[in-house]
Amino acid sequence: MVQILCVAEKPSIAKAVANHLAGQVTTTSARGIAWIKNYEFNFNFNAWGHSSVCFTSVAGHVYEKDFESRFRDWQGCSPQALFDAPIVTTVANNDKKAIVRNIEEKARSASILYIWTDCDREGEHIGTEIREIAMKTNRRIQVVRARFSNIERAHIINAAHHPFALDERQAAAVQARMELDLRLGAAFTRLQTLNLKPIIKHLLTEEKSVISYGSCQFPALGFVVDRYFRVKNFIPEPFWGLRLSHTKDDIKVKFNWSRNHLFDRMVTTILFERCLTARTATVTSVQTKATSKWKPLPLTTVELQKMGSKYLRMDSHRVMTIAEQLYTKGWISYPRTETDQFDPAMDLRTLVTRQTQDPNWGLFAQNLINGGFNQPRSGRNNDKAHPPIHPVNYVVGTSLTEEERRVYEFVVRRFLACCSEDAKGSQTTIHLLFGSEIFSATGLIVLARNYLVVYPYDRWESSQVLPPFIHGETLVPTELRMEEGQTTPPGFLTEPELISLMDANGIGTDATMAEHIAKIKKRNYVMTQPRGRNGGGGRGGTGNADAPAREGQGGTGVQEFIPTTLGVALIEGYDKLEFEKSLSKPFLRKEFELQMRAICEGRSTKNDVVHQELEQYQEVFVKTSQQMGVLKAVRLFPFTTFRSCIRNSAMDSCVSDHLIEYRYRTREC
DNA sequence: GCAAGGTC
C-alpha cells in the first residue's frame, strides 16, 4: 500500500479533513506536543489507489527569520548594517521543534507528501516549509498540494482526488515580504529608538519601551494623525437653505429642498423670495413604490471587527480573541476570512436547524426551515481559503462567558439574517413645485421586517404616515423659512473607520489588522476615548443646519482614536523630511503589494523585488539619519498628550509651528 | 528590546 503523509496548516483542518476522508481513524498525539494530532486511516486516492494515510498538521509558519547573533545586539552594529546583515532561519520554540520532529519521522516511511495548507500566499509558503522538513529525512518524497476553499465533505473529497503542484512564485513573494519586514522593521526601529529615546523618555510609558517602525503600524498611525489634523484644522463654512412644512389632516409634513443648501446667501434669499411671491405650490408627483432593505452579506473578519467595535462594546483585538476561543471550542467557523460568499454546495439548512433550540432566535430559525430559507447574498470577495464566518454548532448562552455570548449571538444572528429575506417596505415620495423650487417629502411604511426580526443591529423604521396628496393639487404651504447653518468637522477616527482604511489600503491582513491597532496603542502612539468626549467631532460631513447629531446608534460607545504627542511627532517629523513617499503614508506598502503580485505572476523575482525595495528604503533611511534633528523636534513638546492641546489651541499652533520651523533654526517653545 | 505573518 502507498504511504501518504498529509499535512495541514492548522490542527482543526487536519481533524476535519481526516474525518471526511476516513471510514475509521486512529488518533494519536505527536510526540512531545499533545495538541498536534496524527490521524491514521486508509483512503482510496484516484492517483495512487488504496493508500495508508497519516494526516497531521503544523500551526502556521514553522520557521522564523532573524539576524545572525552578532547583529542582534543593538550596540554591536549600526542600524544601517541591518540592510545587508546575514539572516538565519530558526525553529522558534519547543512546540515548533516537536512539530518538525513529527513530520521528519512520518515522512521517512511515506512516498507522497500531500500538503493541505490554506490556499493563499502564506499557505503556499508554509507548504514549502513543510516540504523542506519532509525532505530532510526523505529526499525522494513526491510533493503535491490540495486545492480547497471550504471543509464541506464533497469539496474535500474532490480535492483529495485532484492534487496540484505548490505555487513556488507565491511562496517566493512571501519570502520577499518576510525579509523586507524584518530588515526595515529592525533598522528603523533601532534608528528611532537609539536616537529619540534619550530625549523623549518622559513620553514613554515604560522604561524598556521602544519606538518601533513597521510597514503596517506606521501607515495605521498615519491614518489616525491625518484625521486628527483634518478635525483640528477644520474651518466651518456657513450655508443657507429653505425649509418648508405643510400641515394637512393635522399632520405636519416636512419637505426637503432639492438643492439641500447653498453657500451663497444672496442667491438663497432670491430663491426664497420667489417662493414667497408664488404663494401657492403645486404637487407635481406622488409616487408610491415597493422598496426593500437588503439583508447583510455573509460575515468576514473585517466586518466582524467593525461590528464588534460598533455594537458589542469590544475593540477589534478583543473581538478576535473571543472569536478565536469560540472557534477553538467548535462553536463557530474559522474567524479569519475575507470571503463574503457561501459556496452554493454548502449545506446551510443543517446549520440553521442547529439553532432552532435557542430560546431567543430558535423560532426564527425554525421558520427558516419551514420555508422561509433564502440563499445568502454573495459579496465580491473570496479568499479561496475559508468560508464566511458562521455558527457551526449550537451552544447555550449560559455556558459561555459574557463576552463569548455576545460574539456568538452576533455571529448566529448575522448568519440567520443572511439566510432570511430582505426587509420589505413601501415608500411614498411627494414632489412640490413652489415658485422655481422643488421640494420633496418621503414616507416609509415597513411592511415585512423579515431579516430585521433576528438582526437588531440594523435599523429600518416606518416614518410618520404622510397624509394623502394628489397629483396636480395646489396648496398654500403652512410655513417657509430660510435657515442658516454651517459645515461641521468630521469626527476623530473610530476603530471601524480605521479598519476600513487599513482594509482598503492593504495594510495588514484580516488576521493582523487588530494587532497593528493594538500595537500603536501599546507603543503610546495613539490613545482611545469614547466618542463624544472633548468636542471637535462626532457629527460627520457637511450636515444640515438642524440635522441631529447621529451618535453611534443607541450610544453603544464607539471608541475614537487620538494621536499622542509622540505619534504626531513621528508622522509630522517624517512628513517634514519631504520624501517623495512618506513612511507614514500607505503608498509604500501598496506599492510593495503590487511587487508581490508581480512575483506571483512571474513578472518579477524575489531577488529583484527585495533589492529594489531595500535600495529605495535605504535612501529614506540615510536621509532620516542625516536629518534626525527634524525628528528630534519631539523634544519641543511639553509633557502632555495632544488631547490637552485640543483644549488649548494657542499651545497647539505653537507646537505645529515649531515642527515646521525646526529645520531652519532652533528655538525653545 | 526591533517587523509581519501564520496559529494554539
Side-chain angles (χ1 to χ4, degrees), chain A residues 8-15 29-30 33-37 57-67 71-77 79 81-83 85 87 91-96 98-99 117-118 120-130 170-171 173-194 196-197 204 206-220 320-321 323-325 327-330 334-336 385-386 502 506-520 522-523 583 589 592-593 596 617:
Chain A
E9 181 166 324
K10 39 187 168 274
S12 60
I13 293 289
K15 182 178 182 182
S29 275
I33 177 163
W35 51 274
I36 293 280
K37 308 287 186 197
S57 76
V58 291
H61 290 284
V62 181
Y63 295 116
E64 255 175 39
K65 291 189 188 304
D66 204 348
F67 299 107
F71 290 94
R72 274 175 234 172
D73 175 9
W74 286 41
Q75 310 301 330
C77 68
L82 301 178
F83 276 89
I87 289 176
V91 180
N93 55 42
N94 286 335
D95 272 2
K96 302 263 171 183
I99 289 172
T117 49
D118 290 354
D120 53 23
R121 230 156 37 194
E122 300 293 334
E124 228 56 44
H125 183 263
I126 293 169
T128 62
E129 293 189 342
I130 294 167
Q170 288 194 52
V174 171
Q175 283 182 23
R177 175 194 64 69
M178 287 172 152
E179 182 172 346
L180 286 168
D181 281 338
L182 173 63
R183 291 193 190 281
L184 302 175
F188 278 97
T189 299
R190 289 190 199 177
L191 177 75
Q192 289 176 171
T193 308
L194 292 172
L196 300 178
K197 194 171 171 182
L204 299 174
E206 290 167 53
E207 175 59 27
K208 61 174 194 277
S209 54
V210 294
I211 305 164
S212 62
Y213 167 80
S215 58
C216 290
Q217 47 181 276
F218 250 55
M320 285 313 289
T321 306
E324 274 151 27
Q325 286 166 13
Y327 161 69
T328 319
K329 292 178 185 167
Y334 192 62
R336 293 191 274 262
H386 306 283
M502 294 175 71
I507 307 301
T509 67
D510 49 1
T512 59
M513 271 185 268
E515 287 174 31
H516 301 312
I517 295 174
K519 184 149 275 174
I520 58 175
K522 184 166 179 250
R523 294 282 187 252
L583 281 192
R589 183 81 202 181
F592 179 47
E593 189 58 39
M596 298 233 281
Y617 274 97

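Not measured: the values here are computed from a predicted model. For the numbers below, each heavy atom of this structure counts, side chains included, while hydrogens, waters and symmetry mates do not. Note on naming: letters A, B, ... go to the chains in the order of the sequence lines (proteins, then strands), and numbering restarts at 1 for each one.
A/G508 comes within 4.0 angstrom of the backbone, heavy atoms only, and of no base. Nucleic acid contact for A/D95: none, since no nucleic acid atom lies under 4.0 Å from a heavy atom of the residue. Residue contacts for A/Q75: at a heavy-atom cut-off of 4.0 Å it reaches a base atom on one of the strands shown. Residue A/P79 is out of contact with every strand shown, counting any heavy-atom pair closer than 4.0 Å. If you check every strand for non-hydrogen atoms under 4.0 Å, A/A511 touches sugar and phosphate atoms only. A/D66 comes within contact range of at least one nucleobase, with a heavy-atom separation under 4.0 Å.
Rounded to a whole Å, the CG atom of A/D120 is 13 Å from the C1' atom of B/dT7. If you measure from atom CZ of A/R336 to atom P of B/dG6, you get 8 Å, rounded to the nearest angstrom. Here B/dA4 presents its P atom at 13 Å from CZ of A/F188, a figure rounded to the nearest Å. Atom CZ in A/F218 sits roughly 12 Å away from atom C1' in B/dA3 (whole-Å rounding). Rounded to whole Å, atom P of B/dC2 lies 17 Å from atom CG of A/L196. The interatomic distance linking A/I36 (CD1) with B/dC8 (C1') rounds to 8 Å, in whole Å.
The side chain of A/K96 contributes no N or O atom lying less than 4.0 Å from OP1 or OP2 of B/dC8. A/T509 has a side-chain polar atom (N or O) that falls below the 4.0 Å cut-off from OP1 or OP2 of B/dG6. Contact check, A/H516 against B/dG5: a side-chain N or O comes under 4.0 Å of OP1 or OP2. Distances shorter than 4.0 Å separate some side-chain N or O of A/Y334 from OP1 or OP2 on B/dT7. Between A/S212 and B/dA3 there is a side-chain N or O to OP1 or OP2 distance below 4.0 Å. Taking side-chain N and O atoms only, A/R523 has a distance below 4.0 Å to OP1 or OP2 of B/dA3. In this structure, A/Q217 reaches the B/dA4 phosphate: one of its side-chain N or O atoms is under 4.0 Å from OP1 or OP2.
Taking every side-chain heavy atom of A/S215 into account, B/dA4 is the closest of B/dC2, B/dT7, B/dA4. Side-chain proximity of A/H61 to the nucleotides B/dA3, B/dC2, B/dG6 is greatest for B/dG6. When distances run from any side-chain atom of A/Y327 to the nucleotides B/dC2, B/dC8, B/dT7, the shortest one goes to B/dC8. For A/T512, taking side-chain heavy atoms from C-beta onward, the closest of the listed nucleotides B/dA3, B/dG5, B/dG1 is B/dG5.
Judged purely by atom type and a 3.5 angstrom limit, A/T193 has no side-chain atom pairing as donor or acceptor with the backbone of A/R190. Although no hydrogens or angles enter the test, the distance criterion places no donor-acceptor pair under 3.5 Å between the side chain of A/S57 and the main chain of A/A8.
Judged by ring centres under 5.5 Å apart and planes tilted less than 30 degrees, A/Y213 fails to stack against the six-membered base ring of B/dA3.
A search for salt bridge (charged side-chain N to carboxylate O under 4.0 Å, His left out) contacts involving A/D181 returns A/R177, A/R589, not counting sequence neighbours. In this view, A/E593 and A/R121 satisfy the salt bridge (charged side-chain N to carboxylate O under 4.0 Å, His left out) rule, not counting sequence neighbours.
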